[in-house]
Chemist: 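There's a structure below that I have some questions on.
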Number of protein chains: 2
Amino acid sequence: MKHTELVVSTIRCLGADFVQQYRGGHAGTVLGAAPIAVSLWRDVMKYNPKDPLWFNRDRFVLSAGHACLFQYIMLHLTGYPIWTLDELKRYHSPNFKTSRAAGHPEIEQEGQGIANSVGLAIVGKQLAAQYSKSGFEGLINNTIWCFTGDGCLQEGVGQEAVSVAGHLGLDNLVLIYDQNKVTVDGTIDACFTEDVPLRFKAAKWNVIELDLNSPNLPSPQSQVSAVTEALLAAKAHKGAPTIVIATTTIGYGSRKANTGPAHGQPLGDEEVAYVKTKFGFNPDEKFVVPEEVYSHFAHVGPRGEALQSEWTALLLDYSKAFPGEYAELMRRISGKLPNGWRDLIPFKKDLPTVDQPTRKSSGIVVEKIAPLFPDIVAGSADLLESTFVSWKDMVEFQKPESSRGDYSGRQIRYGIREFAMAAIANGMAAYFPVHPGREGGGILPIYSTFFMFTSYALNAIRMAALQKLRTISVATHDSIGIGEDGPTHQPIALAAFFRALPNVRLWRPADAEETMAAWINAIGEDEGPSVLCLSRQPLPLLEGSDRQGAWRGAYVVHPEPSNAPPKLVLVATGSEVSLATKVAERLSSSSVIPDLPVRVVSAPCLSIFDRQDLEYRRSTIPSDRALVVSIEAWTSFGWARYAHAAASMSTFGHSGPQAALFEYFGFGVDHLTKVIGDWVEKWSVVEGGKRQLRIPGIGDFEELLDGPLH
Amino acid sequence: MKHTELVVSTIRCLGADFVQQYRGGHAGTVLGAAPIAVSLWRDVMKYNPKDPLWFNRDRFVLSAGHACLFQYIMLHLTGYPIWTLDELKRYHSPNFKTSRAAGHPEIEQEGQGIANSVGLAIVGKQLAAQYSKSGFEGLINNTIWCFTGDGCLQEGVGQEAVSVAGHLGLDNLVLIYDQNKVTVDGTIDACFTEDVPLRFKAAKWNVIELDLNSPNLPSPQSQVSAVTEALLAAKAHKGAPTIVIATTTIGYGSRKANTGPAHGQPLGDEEVAYVKTKFGFNPDEKFVVPEEVYSHFAHVGPRGEALQSEWTALLLDYSKAFPGEYAELMRRISGKLPNGWRDLIPFKKDLPTVDQPTRKSSGIVVEKIAPLFPDIVAGSADLLESTFVSWKDMVEFQKPESSRGDYSGRQIRYGIREFAMAAIANGMAAYFPVHPGREGGGILPIYSTFFMFTSYALNAIRMAALQKLRTISVATHDSIGIGEDGPTHQPIALAAFFRALPNVRLWRPADAEETMAAWINAIGEDEGPSVLCLSRQPLPLLEGSDRQGAWRGAYVVHPEPSNAPPKLVLVATGSEVSLATKVAERLSSSSVIPDLPVRVVSAPCLSIFDRQDLEYRRSTIPSDRALVVSIEAWTSFGWARYAHAAASMSTFGHSGPQAALFEYFGFGVDHLTKVIGDWVEKWSVVEGGKRQLRIPGIGDFEELLDGPLH
């Protein structure tokens, strides 16, 4: 295997060349971890370059996203059709528009890769428990390989995920820690001096250590062999996930090795020449891949095809032996949702008519669909009783030995780890392939906590939006309605972020009917995450609520009483819609304008409403012909797009009983009727003996604050 | 000491009573950890109830915020004047408006308490290194006690903070882990099975374990003694922080002990009676505190006064021996900023005239003030070279043995731990007392990372806003201007959250002059955090930029050329202001309206502009008389308040060269001139032979998207 040295050197020189080409990118890991790359892609991982989405392939997660060049090079050498040498040459190129070789692949964010890989490993375990049968163990038996650097292990989200994986005993997960001990700012001794093996042992992981700088491993060939031995041992280990701690040298071969600049700066022409000379390459030639290097990987393609063929044959046998399971698995792989899933969700006429919190209405959906819908994996960050994402006879996803559940279970106890929970959900959602015509079937991660605490997971929800991963965040206790827990628990500005972000649908349903609408939309839209903001407190089932309307983002829930066009429009969301209805009724009769025609619009999902055509938006909220006031117990930021004034929060919340807090902050019927009535008066003029309303302009946007007791 | 048992029982019965009174709150920890409370407040902590803000007192951080009732009771028993029994009776009361006994104290958030306490410990160490002298070791020698539950140790932010504290060897920090192994959803075995002692040993902590359920500790008295012994050993331990892992029983004494409901639900009348009977109290009496219980704490007040008197005497001696240090310390304790600090920041005429990134302009301020301004403690999450928060001859805050710095150092290597970084900064900012007339002196935490990554720390910045803690977040690489790192690194919606949140000032300066304005405001405003969004790419020093204007939040940076009132107003922020200026010049001559008077407004801080009076806002952005277009390379959310249209991002970013990305997303001068010109045409009509502009209304808000290549 004399070629190994040539292969490793080639990869290193390619790394130096690609980064130097446009003077940008990260070469350090390519130089440092090249032996690991060769081992992984040549000798260890199960995959088929000709069918990159083969279902039972191993999954590779690059948590150290800056090191993506390392991955791109391997995809080229192992024969992925799209990863030509020309494609690689576009890394950091000005011709970025046609390039796949992004500076950081989008499925990546600091530390979240570990959590994503835990999500993938959970699904792998779960599918195996659900579908593998005696004699068919090979149906789903892949391994999740996560490549991580020194940074990922410092991030809290990585730590949370490590703790979860150890607890669950995910032995299909291998974390490869490229321990070069250098980050952007230099050696990690400056800030990270944990005993990493001990830390992972504490979290119940299997630990394998390997020093590629050791004099016992003097050649690339010996290094690759040692890595392969370690990785295969990791893969074979049962009962716990494994971390392989591989000590490497960042920027190996360069005189900048072991320094911060080796992490993310080009080496410079002179240093690139030095590296090439050192590895026996011609410093005047660029992007050189000797034929022996390709032939070193020549068996990878045929091996992958053979593995997939065997699997396909196994699948055929499985289809005969277990036709029901087979059909369901195929349905999931195809991305279809189960037939008739919408019929499981009650129509309005079948909903309870008593006042009930929307979190409880949401629970109706979970209880109906989860038992019959194997795609659903629910979970909570220690608030399961409060967020209603449980169902009768549910099984927990736990180690079978724990006697708390088993790997077929679909309820995950995430612990008090919101960020990992959301990032794990993203990993799960990424398990199934993306097909044209996909409906979002396969896996449907639902996770829950109080809305305020989704801020801990905010970047994971953002990553779901960026990657168009379909997850559902059940975010209860969505306002000051949480009561005595106080302002730390009371969101007032968080919705602004989700409403501003593309590909996210933030729902705030007003009652049970709109909650059904939110769920149907969240399940049925196949792209991007949904955040369901749900009330702790009971809300009435509104006479005018309507799922068809809700699906347009906003609609008239309480029309003006006569045929006269509305002169005042109250736009509200969630718990404030029923309040707005009461205020509207009072204002119709008590305002300075006799028989004022007041309309109430419910706007459960502004992101959807924003995308409606102007005609619908204008006919629903006629801001050119009526005064428009928004009513929402959050800050007013963003409402000026539709409203001339906002009844909103301008301060943080307070600890106190729920109903009293609404009064305190000005959301009592009496107070709101008075301030909006005063405002109508302010904007009215007497013309021709008759009082008329004027329409304010953009700069007139006003906040109708605060409560009478403030 | 027969009274100990009575004391512990009294506390337990009080806990049961207060929660039962209004059927809300958390009694479980009061019942479980009462012996710990007695030990801490009676025998261990250094404080003076008569002067709760005595500077050299120990600090107590309640990370398990739900357990606050436990703290309130102790504040009462030890004689804090404001914590009367009547005050405690307002816990969860409908009379919440006059109550101090909030459901969760505001200085708390899940897991962040650990990080806050690390911040306090850092300041304690630092002040001791800066001011204590031989013979004056007692000047600053307090201990930081952090009380934490099972939840805090699961949160990533807690894990990050634990790692930082271990690395820094903060031996003035003691974490008391009330290990009752029950959280809201029940026993933590369902989700948390780490070996906690091993985990802390891996992080270089000293570990003391103590089982209060042990048969060796059969009585409350033996338990309190054992706790005291452990806590004093922890306090005495040198070179590392200590965790005291105290196993307790949540809801001890009740039949609901060791269950989820014991965490956060009232026990019920019957169970309260059971508990009282068990502890020898009369079940028909409420809120009973026998006189012996008060007398058990009678010495605490005099002891505290004596300790403070001794300290005051020491301080007097110190003032004579070290008058310079004394004066500086007193200045800091009084909350004054150093005299003449503003003069350190260059005037516009002294700023570099070459194009320069605002992150580098920001660096000018840090370099000028940090060496002379001991209040400043800077730091970065592994991006020190990129965020320019370093200075000449700075010393790192490190263990002296590390040979990297010492405890007098003011540059902290936070590692890749953004959330802990911000939460630690909050802890630092909370170290100094709040005085009337405070200017924000004492401690000024500056911390830095890329703007996108502040989303990892979002909830800590929110907590700073809620608690009005003055911190400065240097948030560089604020847009697609980061270039090839791609969409994971390119914020587009994050600003919406900070703009929506009260008490935060999000700054996006357009050039070096506005960067000076942002810094002066961030330092000089004594309440709440500032986030400085700074460019990676160079920006010109604008002719019209002006700090006085910037301090009003928005101002005319490029006036319309003639005396004619502006017909088109371009409002921009940060890197888009210089672009807007170029577009304005082009539009003046090329628009369908001859000699169109175009004004450019720079809006570096919308939160401040929002608070200006209507007259100033209207005179700056005359949205009733001119078309207004905002230009910002983020999403348009929120701009409808001031603008009729927005040139903005409606999708995530892309990996590519910085300048090319601005073109790609439509922020090139040519493209922007064309689309805004078209829009002017669309909103113009010919009246009396002359083309005039019409003013759109609220519902007409339009996005001028996207780039020509999109």
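In the text below, chain A, chain B and the rest are named by the order of the sequence lines, each starting its count at 1. All values below come from the heavy atoms of this structure, side chains included, with hydrogens, waters and symmetry mates left out.
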Chemist: Go through B:Phe419 and A:Tyr456 one step at a time and tell me if the ring pair (Phe, Tyr, Trp, His ring centres under 6.0 Å) criterion holds.
Modeler: CA-CA 9 Å; B:Phe419 197 174; A:Tyr456 278 50; 5.0 Å; yes

Chemist: Is there a side-chain contact between A:Glu155 and B:Glu418 in this structure, where contact means two heavy atoms from C-beta onward sitting under 4.5 Å apart?
Modeler: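 They are in contact (side-chain heavy atoms under 4.5 Å apart), so the answer is yes.
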
Chemist: Please classify the contact of A:Ala643 with chain B as side chain, backbone, both or neither, using a heavy-atom distance under 4.5 Å.
Modeler: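 Answer is backbone: N, CA, C or O of A:Ala643 sit under 4.5 Å from chain B.
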
Chemist: So which of A:Asp610, A:Leu494, A:Val628, A:Asp624 has the largest heavy-atom pair count under 4.5 angstrom toward chain B?
Modeler: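 Greatest number of close heavy-atom pairs with chain B: A:Leu494.
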
Chemist: Going by the rule side chain to side chain donor-acceptor pair (under 3.5 Å), which residues pair with B:Ser380 if we only count those two or more places apart in sequence or in a different chain?
Modeler: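 Per chain and number, B:Ser380 pairs via side chain to side chain donor-acceptor pair (under 3.5 Å) with B:Ser448.
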
Chemist: Answer yes or no: is there a side-chain heavy-atom contact under 4.5 Å between B:Arg417 and A:Phe192?
Modeler: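 Yes, at least one pair of side-chain atoms sits under 4.5 Å.
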
Chemist: In terms of heavy-atom pairs under 4.5 Å, which option from A:Val164, A:Leu458, A:Ile695, A:Thr183 contacts chain B the most?
Modeler: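 Counting heavy-atom pairs under 4.5 Å, the top option is A:Thr183.
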
Chemist: Give a yes or no on whether the backbone of A:Ala203 and the side-chain of B:Glu194 come within a donor-acceptor separation of less than 3.5 Å.
Modeler: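 No, because the side chain of B:Glu194 does not come within donor-acceptor range (under 3.5 Å) of the backbone of A:Ala203.
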
Chemist: Set out, in order, the CA-CA distance, both residues' side-chain angles and the distance that settles side-chain contact (heavy atoms from CB on, under 4.5 Å) for B:Thr187 and A:Arg404, then state yes or no.
Modeler: CA-CA 11 Å; B:Thr187 162; A:Arg404 297 188 154 271; 3.1 Å; yes

Chemist: Go through the atoms of A:Asn503 and report whether side chain, backbone, both or neither lie under 4.5 Å from a heavy atom of chain B.
Modeler: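 The side chain, not the backbone.
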
Chemist: Could you tell me if A:Gln159 and B:Arg199 have a donor-acceptor pair between their side chains, going purely by distance under 3.5 Å?
Modeler: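 On atom types as modelled, these side chains qualify, holding a pair under 3.5 Å.
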
Chemist: B:Ser455 side chain to A:Asn459 main-chain N or O, any donor-acceptor pair under 3.5 Å?
Modeler: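 No.
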
Chemist: Would you mind telling me which of A:Val184, A:Leu168, A:Asp150, A:Thr635 has the largest number of heavy-atom pairs within less than 4.5 Å of chain B?
Modeler: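 Looking at each option in turn, the highest pair count goes to A:Val184.
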
Chemist: So, using side chain to side chain contact (heavy atoms under 4.5 Å, CB included) as the criterion, who are the partners of A:Ile698 when residues are at least two apart?
Modeler: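 Counting only residues at least two positions away or on another chain, A:Ile698 forms a side chain to side chain contact (heavy atoms under 4.5 Å, CB included) with B:Ser623, B:His644, B:Ile698.
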
Chemist: Using non-hydrogen atoms only, which part of B:Arg641 is less than 4.5 Å away from chain A: side chain, backbone, both, or neither?
Modeler: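 Both parts, backbone and side chain.
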
Chemist: Highest number of heavy-atom pairs under 4.5 Å with chain B: which of A:Ala465, A:Ser386, A:Pro622?
Modeler: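 Sorted descending by pairs with chain B, the first entry is A:Ala465.
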
Chemist: Tell me, for B:Gln658 versus chain A, whether the close heavy atoms (under 4.5 Å) come from the side chain, the backbone, both or neither.
Modeler: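 Looking at B:Gln658, nothing touches chain A.
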
Chemist: Would you find a donor on one side and an acceptor on the other, under 3.5 Å apart, between the side chain of B:Lys204 and the backbone of A:Thr193?
Modeler: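 Yes; at least one donor-acceptor contact below 3.5 Å.
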
Chemist: Is the side chain of B:Asp382 donor-acceptor paired with the backbone N or O of A:Asp185 at a distance under 3.5 Å, no angle test?
Modeler: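 A pair under 3.5 Å: yes.
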
Chemist: Just give me the residue among A:Ala659, A:Pro502, A:Pro696, A:Gly186 that pairs up with chain B most often, heavy atom to heavy atom, under 4.5 Å.
Modeler: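 Highest number of pairs under 4.5 Å: A:Pro502.
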
Chemist: Please classify the contact of A:Gln398 with chain B as side chain, backbone, both or neither, using a heavy-atom distance under 4.5 Å.
Modeler: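 Just the side chain, heavy atoms under 4.5 Å.
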
Chemist: Is the backbone of A:Ala190 close enough, under 3.5 Å, to the side chain of B:His167 for a donor and an acceptor to pair up by distance?
Modeler: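 Yes, B:His167 side chain to A:Ala190 backbone: donor-acceptor pair under 3.5 Å.
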
Chemist: Between A:Gly697, A:Gly166, A:Pro657, which residue shows the highest count of heavy-atom pairs closer than 4.5 Å to chain B?
Modeler: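 If we count pairs closer than 4.5 Å to chain B, A:Pro657 comes out on top.
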
Chemist: Report which part of A:Glu702 has an atom under 4.5 Å of a heavy atom belonging to chain B: side chain, backbone, both, or neither.
Modeler: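 No part of A:Glu702 comes within 4.5 Å of chain B.
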
Chemist: Measure B:Phe701 against the heavy atoms of chain A and call it side chain, backbone, both or neither at under 4.5 Å.
Modeler: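 Both backbone and side chain of B:Phe701 come within 4.5 Å of chain A.
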
Chemist: Side chain, backbone, both or neither: which part of A:Leu614 has an atom under 4.5 Å from a heavy atom of chain B?
Modeler: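 Only the side chain of A:Leu614 comes within 4.5 Å of chain B.
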
Chemist: Checking the side chain of A:Glu160 only, and the main-chain atoms of B:Gly156 only, is there a donor and an acceptor separated by less than 3.5 Å?
Modeler: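 Side chain of A:Glu160 to backbone of B:Gly156: a pair is present.
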
Chemist: Is it true that B:Arg618 and A:Asp700 make a salt bridge, defined as a side-chain N closer than 4.0 Å to a carboxylate O?
Modeler: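 The answer is yes: the pair qualifies as a salt bridge.
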
Chemist: Are B:Phe637 and A:Phe497 near enough that their ring centres are under 6.0 Å apart?
Modeler: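 B:Phe637 vs A:Phe497: aromatic centres not under 6.0 Å.
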
Chemist: Using heavy-atom distances under 4.5 Å, tell me whether B:Ser402 contacts chain A through its side chain, its backbone, both, or neither.
Modeler: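 No part of it gets close to chain A.
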
